[in-house]
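As structure tokens, the structure follows; a few thoughts come after it.
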Number of protein chains: 2
Amino acid sequence: MNKPVTIYDIAKKLNLAPSTISRGLKRHSSVSHRTQERIIKTAEEMGYRANTFAINLRNRKTSTIGIIVPKLNSYFMSQVIAGIEGVVNNAGYTLLISQSLEDVSKEIINVQTMFDNRVAGLLVSLAENTKETSHFNRIQKQGIPVLFFDRTPMGNDLPAITINNESAGYKVTKHLIEQGAKRIVHITGNQLSNVYRERLAGYRRALQEFKLPFDTQNVLINDLSEQAGIDAAHSIIKLMADGVFVANDHCAASCMHELKHSGKKIPEDIVIAGFNNDMISRIVDPALTTVDYPGFQMGELAAKNLLAHIAERIDINLTSNIILKTPLLIRASSVRKI
Amino acid sequence: MNKPVTIYDIAKKLNLAPSTISRGLKRHSSVSHRTQERIIKTAEEMGYRANTFAINLRNRKTSTIGIIVPKLNSYFMSQVIAGIEGVVNNAGYTLLISQSLEDVSKEIINVQTMFDNRVAGLLVSLAENTKETSHFNRIQKQGIPVLFFDRTPMGNDLPAITINNESAGYKVTKHLIEQGAKRIVHITGNQLSNVYRERLAGYRRALQEFKLPFDTQNVLINDLSEQAGIDAAHSIIKLMADGVFVANDHCAASCMHELKHSGKKIPEDIVIAGFNNDMISRIVDPALTTVDYPGFQMGELAAKNLLAHIAERIDINLTSNIILKTPLLIRASSVRKI
DNA sequence: TTGTACGCGTTATCAC
DNA sequence: GTGATAACGCGTACAA
């Protein structure tokens with residue numbers, strides 16, 4: 001339970017002034033080489049570690065990056081976060097993490113906590129019921145860059161890293177139609193969220209292009225969970241659909257599983273596609289057609305971008321959005337042998 | 001880019017002393033009710049937020065919990081972390097996260113970073129090549145509780161939350177034997193890690209009990225990745241095995257997938273079991289027999305325990321280890337209809 | 001090249 | 001009930 005060593009302790013031991021220690025530790029040129037060595041050596045011997053708070057307080061800034069996501073326990077998010085951590089840690093920053101649990105009110109508190117900790121930058125994926133983003137104003141006004149990813153705010157032009165959800169949804173649906181599907185059910189999530197809204201828009205556009213009727217009955221909105229996939233399977237059978245486009249692989253896989261158990265043949269009776277290219281999409285049988293959504297890369301890119309803005313002190317709000325490519329991965333679940 | 005508001009700003013505006021503001025803000029009884037209200041009201045109006053560093057510096061302690069894990073991008077870990085975040089955040093703590101990427105040298109650096117940030121407590125799952133834990137000594141000597149989970153140190157009696165890996169491995173293997181398997185391959189990870197070593201020990205004990213020969217050829221050590229599962233499948237076929245026990249579901253699912261594609265019938269030709277009860281184990285076909293390893297609960301439990309120790313200032317090293325129950329979930333991949 | 005003195009924002013202690 | 005002051009550990013302008 002010994003107290004942490006400070007530069008004062010080192011100063012006393014070496015009969016030097018604390019300021020000299022401070023400078024010597026960071027090899028400031030004004031300190032003689034010999035004393036530098038002496039200082040660094042004894043600092044190590046004494047087990048000195050700089051007090052981050054004192055430094056942050058003094059410098060009025062931190063090397064902490066904050067991150068707020070809707071849910072931590074998802075494979076996709078864990079990929080994104082791993083990507084972020086790698087970049088951020090490499091640059092000497094630390095990571096403060098919190099989840100909103102899909103609730104704006106908690107998101108607001110989280111933003112305040114991030115502000116209290118004076119993060120150098122903030123990476124955010126919005127809760128599904130977040131309608132507007134005024135709770136980020138205060139932190140942005142302090143000059144702290146905020147970068148959104150995946151679930152981004154609609155309507156305004158805040159900097160964000162996204163994919164083209166509309167286009168991806170279009171490509172999936174078009175593909176299913178080309179495989180002969182006439183009645184395609186779309187399973188998706190909360191429509192307040194840009195990602196699900198846009199995927200639905202892409203779905204509609206494809207139907208329209210191929211002159212297939214759009215029927216609200218065919219759009220199933222739920223929480224995209226494993227259970228939701230099972231429930232949806234029964235609706236799909238009742239609706240006599242011959243195609244399914246699910247907004248995530250997790251739910252798609254469980255839906256397909258249930259369809260098979262209900263006697264449907266995939267892809268003969270029903271073609272199906274998911275979204276994300278989660279590991280599970282490769283392992284289910286038949287392999288699931290899906291959209292490659294590279295979470296790890298998105299995390300890396302977001303982190304790099306944020307750090308660049310912090311380092312160069314450029315106003316992040318001047319950046320145009322970055323859109324990642326998301327190729328359609330066609331697999332057995334949607335391919336009908338002619 | 002306006003500077004953050006401090007208690008001095010509020011003091012000036014209200015013609016009070018900073019110390020009074022400080023007290024008023026936390027509703028100290030020595031401040032009159034009227035001034036309390038005035039202070040809190042104007043603080044809100046001015047958008048005051050306390051500076052965490054100043055507080056931490058002054059109080060010589062933080063409300064930050066550190067967490068170091070081998071890899072962030074795994075479904076299991078994301079579950080654990082979600083559990084931790086919930087508890088920790090609820091208690092008013094923040095979460096500092098880093099990953100060792102399975103490398104001790106980075107783990108050591110991470111521990112130092114955690115120390116630099118004077119975390120109030122540390123939750124750790126060790127890198128696979130961590131042989132000893134002296135790098136935690138310094139932080140423990142400062143009275144900062146360190147609690148290990150999942151991948152815990154061997155040999156010493158540091159406080160930890162684990163499962164009984166040996167017993168779980170035994171139960172799985174015994175079950176496979178009871179289903180008629182005579183030649184069981186065990187696919188597992190780095191043997192420096194307690195979890196994999198113990199699961200192997202359980203596997204051996206079961207073989208011994210049923211008088212089946214133990215053959216090192218039948219133990220495949222790899223990184224338990226998707227690709228490793230595919231490679232292992234081919235070895236399994238060469239080895240003419242009729243049972244497989246894989247140390248995680250991820251790898252087990254891909255292995256089973258490959259076995260099926262190579263013409264093997266599951267469970268008729270080969271019975272197979274995984275570990276973790278990941279979502280994927282429920283969705284593959286046939287459903288995968290596995291061990292229920294409740295990550296979310298483990299995270300919650302670890303966090304609660306750590307916080308209790310911080311709050312009550314009891315030396316965590318006096319605690320006995322906590323062992324979670326891990327029921328065997330028998331599913332179609334291992335059940336032979338007689 | 002090194003030392004002195006002050007400030008970063010907060011709180012505990014003592015005085016009034 | 002409120003104010004002045006010192007201290008938490010560090011960095012830096014200025015002095016020596």
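Since the structure is predicted, the reported quantities are computational estimates derived from the model, not experimental observations.
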Residues in side-chain hydrogen bond (donor to acceptor under 3.5 Å, both in side chains) contact with B:Glu132, at least two apart in sequence or another chain: B:Ser134
The criterion is salt bridge (Lys or Arg N to Asp or Glu O under 4.0 Å); which residues satisfy it with [X], sequence neighbours excluded?
X	result
B:Arg27	B:Glu37
A:Asp103	none
A:Lys13	none

Among [range], which ones have heavy-atom contacts with DNA chain C below 4.0 Å?
range	value
residues 110-119 of chain B	none
residues 45-60 of chain B	B:Tyr48, B:Ala50, B:Asn51, B:Ala54, B:Ile55, B:Arg58, B:Asn59
residues 15-27 of chain B	B:Ser19, B:Ser22, B:Arg23, B:Lys26

Please state how far atom CD1 in B:Ile10 lies from atom C1' in D:dT2, giving the value in whole angstrom units.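 That distance rounds to 16 Å.
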Can you tell me the distance, in whole Å, between the OH atom of A:Tyr8 and the C1' atom of D:dA7?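 Going from OH in A:Tyr8 over to C1' in D:dA7 covers 10 Å.
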With a cut-off of 3.5 Å and sequence neighbours excluded, list every side-chain donor-acceptor pair involving residues 87-98 of chain A.
{"unit_1": "A:Asn89", "atom_1": "ND2", "unit_2": "A:Glu85", "atom_2": "OE2", "d": "3.0"}
{"unit_1": "A:Thr94", "atom_1": "OG1", "unit_2": "A:Thr64", "atom_2": "OG1", "d": "3.3"}

Looking at residues at least two apart in the chain, or sitting in another chain, which of them share a ring-ring contact (aromatic ring centres under 6.0 Å, His included) with B:Phe76? B:Tyr293
Does a donor on one side chain and an acceptor on the other come within less than 3.5 Å for B:Ser19 and B:Ser22? no
Going by atom types only, do A:Asn194 and A:Thr152 share a side-chain donor-acceptor pair under 3.5 Å?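 Present: a donor and an acceptor within the cut-off.
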B:Lys71 atom NZ: more than 12 heavy-atom contacts under 6.0 Å: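 Not more than 12 within 6.0 Å, no.
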On the ring face of A:Phe136, is A:Arg138 found with NZ or CZ under 6.0 Å from the centre and within 45° of the axis? no
Residues A:Arg49 and A:Glu44 bridged, charged N to O under 4.0 Å: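 Here A:Arg49 does not pair with A:Glu44 in a salt bridge, since their nearest N and O are not under 4.0 Å apart.
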Applying ring-ring contact (aromatic ring centres under 6.0 Å, His included) as the test, list every pair that has at least one member in residues 38-58 of chain A; sequence neighbours left out.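 Residue pairs with at least one partner in residues 38-58 of chain A: there are none.
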Mind checking side chain to side chain contact (heavy atoms under 4.5 Å, CB included) for A:Thr130 and listing every partner two or more places apart, or none if nothing turns up?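 Partners of A:Thr130 by the side chain to side chain contact (heavy atoms under 4.5 Å, CB included) criterion, ordered by chain and then number, come out as A:Val104, A:Glu107, A:Leu126, A:Ala127, A:His135.
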Sub-4.0 Å heavy-atom contacts from residues 29-38 of chain B onto DNA chain D, ordered by number: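 Under 4.0 Å from DNA chain D: B:Ser30, B:Val31, B:Ser32, B:Thr35.
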